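In what follows, a structure is listed as structure tokens, so that the remarks can point back to it.
Here the structure is a predicted model, which is why all the values come from computation and not from measurement.
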Amino acid sequence: PLARLAGAAEAFGTGDDHVALPEAGPREVIAVSRALDRMRNRVRRLIDDRTQMLAAISHDLRTPITRLRLRAEFIDDDHTRIMTLRDLDQMNALVEAALSFVRDGQGGASSARTLIDLASVVQTVCDGFSDVGADVFVTQSRHVLVRGKPDELERAITNLVDNAVKYGGGARLSMEQTPRGVRIVVGDTGPGIPEAERDAMLQPFVRGDRARNLNDASGFGLGLSIVLAIVEAHDGWLTLTNRPEGGLSAAIELPLAAAIPAEPAETRIAAAAE
């Protein structure tokens, strides 16, 4: 019973957080089991309520933003019109980012998964950036199968490459085999992330360009949070390390399609150098 109780506690908050709690055993274990079950239900309700509220607010903001944009088109003063439209575009981008964060944070684990050729997803992302002139290419690839949702994994890799292009001017992608599965590494030659800030960078609405004000910001600090949500939903690990030669190396490690036992959730996020 204690082993089952520990397993249920470890699984809570991951892709398999409905592990059955022990219903037999010593009286004390049963009491703890029932308390844990009540706690799980309270936490789920709290998360669901806040998620639904954020999704509703973000969705309902679209209508007034659209109306304001239509009215702004009739402003006579050119400078005022341009600045107003710019602010509305930024508001709309924040709404879309918030909705994306909610979707990727909630839907990945429960959605149906398929077999994916990960190399094809990586190449698709690379081609998309190359087509618009970005300095992005794959240096090493290998065809392996993982189980998941291709659109979500593509979004996660795209976010990492977008950060590399934004802060480092380009990105180099590589795939390598690991004891736990396969690792996708996105490297750049930018300023990297100070070691003391790596944990914070994985939190929502935290940006690496905190010194800039929102008027000049090109993001809202949700990119890495979305990546982390997707990776965790696919039983993977996200690692951020500063490269010795300069720049940041962001790595997504995923288990292969064959069943591989998952490690505890706290070991999946390696925000410090390995």
Side-chain angles (χ1 to χ4, degrees), residues 10-11 14-16 104 108-109 111-130 134-165 168 170-190 192-193 195 198 201-202 223-274:
E10 289 285 2
T14 66
D16 185 23
D104 295 321
S111 303
R113 299 185 181 187
T114 60
L115 288 176
I116 304 167
D117 180 359
L118 197 57
S120 297
V121 177
V122 171
Q123 191 62 53
T124 297
V125 173
C126 179
D127 291 343
F129 279 90
S130 298
D135 182 19
V136 176
F137 62 86
V138 180
T139 60
Q140 179 180 346
S141 181
R142 57 185 307 118
H143 289 280
V144 294
L145 293 178
V146 299
R147 191 172 295 278
K149 296 198 67 179
D151 55 340
E152 291 184 359
L153 290 177
E154 183 176 337
R155 190 197 309 271
I157 299 169
T158 297
N159 284 359
L160 293 183
V161 175
D162 185 60
N163 279 346
V165 172
R172 302 293 178 265
L173 288 78
S174 64
M175 297 177 61
E176 55 193 39
Q177 187 174 357
T178 71
R180 297 186 292 195
V182 61
R183 180 186 294 126
I184 307 163
V185 181
V186 180
D188 63 54
T189 57
I193 299 176
E195 185 173 350
R198 289 181 198 163
M201 290 302 299
L202 297 173
L224 288 177
S225 299
I226 291 173
V227 174
L228 180 59
I230 294 173
V231 170
E232 286 188 329
H234 286 77
D235 301 319
W237 300 264
L238 174 63
T239 305
L240 303 176
T241 58
N242 286 327
R243 304 168 66 203
E245 63 273 28
L248 182 71
S249 175
I252 295 174
E253 190 169 357
L254 298 170
L256 299 179
I260 298 178
E263 294 189 9
E266 62 268 18
T267 66
R268 292 184 187 165
I269 306 171
E274 291 182 339

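- L254 and G236 make their closest contact through CD2-CA, 4.1 Å (heavy atoms, listed as atom of the first residue, atom of the second, distance).
- Across all non-hydrogen atoms, the minimal contact from T241 to T239 is CG2-CG2, 3.8 Å.
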**Prompt:** So F129 and V165, side chain to side chain contact (heavy atoms under 4.5 Å, CB included) or not? Walk me through it.
**Reply:** CA-CA 9 Å; F129 279 90; V165 172; 4.2 Å; yes
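- The line from CG of L224 to CG of L238 is 7.0 Å long, rounded to the nearest 0.5 Å.
- Between L118 and V182, the closest side-chain pair of non-hydrogen atoms falls below 4.5 Å.
- Checked by atom type and distance alone, the side chain of N242 pairs as donor or acceptor with a backbone atom of I193 at under 3.5 Å.
- We find the NZ-NE2 distance between K149 and H234 to be 8.0 Å, quoted to the nearest 0.5 Å.
- Every side chain to side chain contact (heavy atoms under 4.5 Å, CB included) that T124 has, sequence neighbours left out, goes to E154.
- Residues P150 and I116 share a closest heavy-atom pair of N-CD1, 3.4 Å.
- Here A156 pairs with V227, I230, I252 under the side chain to side chain contact (heavy atoms under 4.5 Å, CB included) rule; sequence neighbours left out.
- Taking the salt bridge (Lys or Arg N to Asp or Glu O under 4.0 Å) definition, one finds that D135 meets it with R172, sequence neighbours left out.
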**Prompt:** Hey, mind stepping through I157 and V122 against side chain to side chain contact (heavy atoms under 4.5 Å, CB included) and telling me if it holds?
**Reply:** CA-CA 7 Å; I157 299 169; V122 171; 3.9 Å; yes
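- For A119, the side chain to side chain contact (heavy atoms under 4.5 Å, CB included) test picks out D117, S141, H143, M175, with sequence neighbours left out.
- Counting all heavy atoms, side chain and backbone alike, T189 lies closest to G168 at OG1-O, 3.3 Å.
- Rounded to the nearest 0.5 Å, atoms CH2 (W237) and CZ (R180) are 5.0 Å apart.
- Of all the heavy atoms in A171 and V161, the pair that sits closest is CB-CG1, 4.1 Å.
- Annotation: salt bridge (Lys or Arg N to Asp or Glu O under 4.0 Å) contacts of R243 (sequence neighbours excluded): E245.
- Side-chain N or O atoms of D188 include one that pairs as donor or acceptor with a backbone N or O of L248 at under 3.5 Å.
- Residues that satisfy the side chain to side chain contact (heavy atoms under 4.5 Å, CB included) test with Q123, not counting sequence neighbours, are C126, D127, V138.
- Between the CG atom in L115 and the CG atom in L256 there is a gap of 11.0 Å [rounded to 0.5 Å].
- Scanning for side-chain hydrogen bond (donor to acceptor under 3.5 Å, both in side chains) contacts around S130 gives an empty result, with sequence neighbours left out.
- Between R142 and E176 no salt bridge is recorded (no basic side-chain N to carboxylate O distance below 4.0 Å).
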